[in-house]
Amino acid sequence: MSAQDPHFFDLVYQVVRLIPKGRVTSYGAIGKYLGTGKSARMVGWAMNACHNAKPKVPAHRVVNRNGLLTGKAHFNPPEKMQQLLEKEGITVKNDQIINFEKHFWDPAKELEW
DNA sequence: GTCATGACAAAGA
DNA sequence: TTCTTTGCCATGA
């Protein structure tokens with residue numbers, strides 16, 4: 001196809017959109033669910049293209065393994081990410097999610113098979 | 001076709 | 001414990 005074939009990106013967007021409100025996940029968890037597993041970078045890379053994804057992708061629910069809002073700087077505006085997370089009931093302090101484990105949502109487990 | 005970069009993650013010192 | 005290094009796969013030039 002001459003048109004883009006971002007099948008990998010599309011998969012990432014699908015999973016991210018499945019994240020329940022008030023929950024968060026990590027790049028590695030998504031990558032693992034997609035099968036890329038070891039390459040969490042690809043997930044973050046896909047997020048970089050999420051600006052062109054429709055409908056929009058709740059990337060603010062995706063953080064790194066440490067629960068840190070590493071990609072907040074890529075938002076528009078960056079502060080919006082924390083705003084959205086707090087709005088959904090998630091506490092964010094110093095760009096870090098409090099009780100990250102409690103809000104953690106693993107697609108490979110929650111969605112199971 | 002090869003080199004360099006990237007919103008990460010796990011292992012080693 | 002924190003800091004540093006390596007691996008990972010895909011995209012862009």
Side-chain angles (χ1 to χ4, degrees):
Chain A
M1 311 306 230
S2 55
Q4 296 107 334
D5 192 31
H7 110 143
F8 183 85
F9 288 174
D10 195 13
L11 292 174
V12 177
Y13 302 150
Q14 293 285 343
V15 178
V16 175
R17 276 188 248 143
L18 292 173
I19 300 173
K21 184 178 179 183
R23 300 289 186 202
V24 290
T25 189
S26 63
Y27 301 92
I30 297 171
K32 186 174 183 179
Y33 177 74
L34 295 177
T36 44
K38 302 159 190 180
S39 304
R41 295 184 167 178
M42 304 295 80
V43 180
W45 201 257
M47 295 273 95
N48 192 1
C50 81
H51 292 280
N52 195 17
K54 294 173 212 129
K56 211 155 180 189
V57 180
H60 61 275
R61 293 179 186 157
V62 184
V63 295
N64 68 348
R65 187 69 174 105
N66 298 320
L68 191 68
L69 282 58
T70 52
K72 88 162 192 184
H74 294 253
F75 273 75
N76 175 39
E79 52 196 53
K80 188 66 175 297
M81 186 174 185
Q82 183 172 335
Q83 289 272 318
L84 293 170
L85 290 172
E86 291 181 330
K87 187 175 181 182
E88 298 192 356
I90 298 174
T91 304
V92 180
K93 190 70 174 183
N94 194 11
D95 298 341
Q96 184 176 348
I97 296 176
I98 306 301
N99 300 326
F100 174 63
E101 298 179 7
K102 181 155 55 175
H103 294 298
F104 184 72
W105 180 84
D106 189 345
K109 290 182 180 179
E110 301 299 329
L111 298 177
E112 296 188 46
W113 290 88

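Here the structure is a predicted model, which means the values were calculated and not measured. The chains referred to below are lettered A, B, ... by the order of the sequence lines, with proteins before strands, and numbering in each begins at 1. Computation of the quantities below employed the complete heavy-atom set of this structure, encompassing side-chain atoms and omitting hydrogens, waters and symmetry-equivalent molecules.
For the pair A:Phe9 CZ and C:dA10 C1', the interatomic distance rounds to 7 Å; values are reported in whole Å. Regarding A:Tyr27, its OH atom lies at a distance of 4 Å from the C1' atom of B:dA7, rounded to whole Å. One interatomic measurement links the two molecules: CG of A:Leu68 to C1' of C:dT2, which rounds to 15 Å at whole-angstrom precision. Straight-line distance from the CD atom of A:Glu79 to the C1' atom of B:dA7: 18 Å, rounded to whole Å. A straight line from CE of A:Met47 to P of C:dT11 spans 14 Å, rounded to a whole angstrom. The interatomic distance linking A:Asn48 (CG) with C:dA10 (P) rounds to 17 Å, in whole Å.
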### Task
Could you walk me through whether A:Asp95 and A:Gln82 pass side-chain contact (heavy atoms from CB on, under 4.5 Å), step by step?
CA-CA 7 Å; A:Asp95 298 341; A:Gln82 183 172 335; 3.8 Å; yes
### Message
Go through it in stages, so that I can follow the logic: the residues are A:Leu18 and A:Trp105, the test is side-chain contact (heavy atoms from CB on, under 4.5 Å), and I'd like the CA-CA distance, side-chain angles, deciding distance and then a yes or no.
### Response
CA-CA 10 Å; A:Leu18 292 173; A:Trp105 180 84; 4.2 Å; yes
### Verdict with reasoning, A:Thr91 to A:Asn99, per side-chain contact (heavy atoms from CB on, under 4.5 Å)
CA-CA 8 Å; A:Thr91 304; A:Asn99 300 326; over 6 Å; no
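Across B:dA7, B:dA9, C:dT11, the shortest atom-to-atom separation from the side chain of A:Trp45 is found for C:dT11. In this structure, of C:dA10, C:dT11, B:dA7, it is B:dA7 that holds the atom nearest to the side chain of A:His74. When each of B:dA7, C:dC9, C:dT11 is scored by its nearest atom to the side-chain atoms of A:Met42, the top-ranked nucleotide is C:dC9.
A:Glu79 and A:Gln83 are not linked by any side-chain donor-acceptor pair at a separation below 3.5 angstrom, with hydrogens and angles left out of the test.
Under the salt bridge (Lys or Arg N to Asp or Glu O under 4.0 Å) criterion, A:Glu88 pairs with A:Arg61, not counting sequence neighbours. Residues meeting the side chain to side chain donor-acceptor pair (under 3.5 Å) test with A:Gln14, sequence neighbours left out: none.
When every heavy atom of A:Pro78 is checked against every heavy atom of A:Ala73, the shortest pair comes out as CB-CA, 3.9 Å. Smallest separation of non-hydrogen atoms from A:Ser26 and A:Val62: C-CG1, 4.4 Å.
A:Asn94 places no side-chain N or O within 3.5 Å of a backbone atom of A:Gln96 that could act as its donor or acceptor partner.
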### Under the 3.5 Å Watson-Crick or G-U criterion, the dot-bracket string of DNA chain B, with | for inter-strand pairs
.|||||.||||||
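Within residues 59-67 of chain A, the residues having any heavy atom closer than 4.0 Å to DNA chain B are, in order of number, A:Ala59, A:Asn64, A:Arg65. A heavy atom lying under 4.0 Å from DNA chain B marks none of the residues of residues 80-98 of chain A.
The other residues sharing a hydrophobic cluster with A:Ile90 are A:Val24, A:Val63, A:Leu69, A:Phe75, A:Met81, A:Leu85, A:Val92, A:Ile97, A:Phe100, A:Phe104, where clustering joins ILVMFWY side chains under 4.5 Å apart.
Put simply, the side chain of A:Tyr13 reaches to within 4.5 Å of the side chain of A:Met47, judged on heavy atoms.
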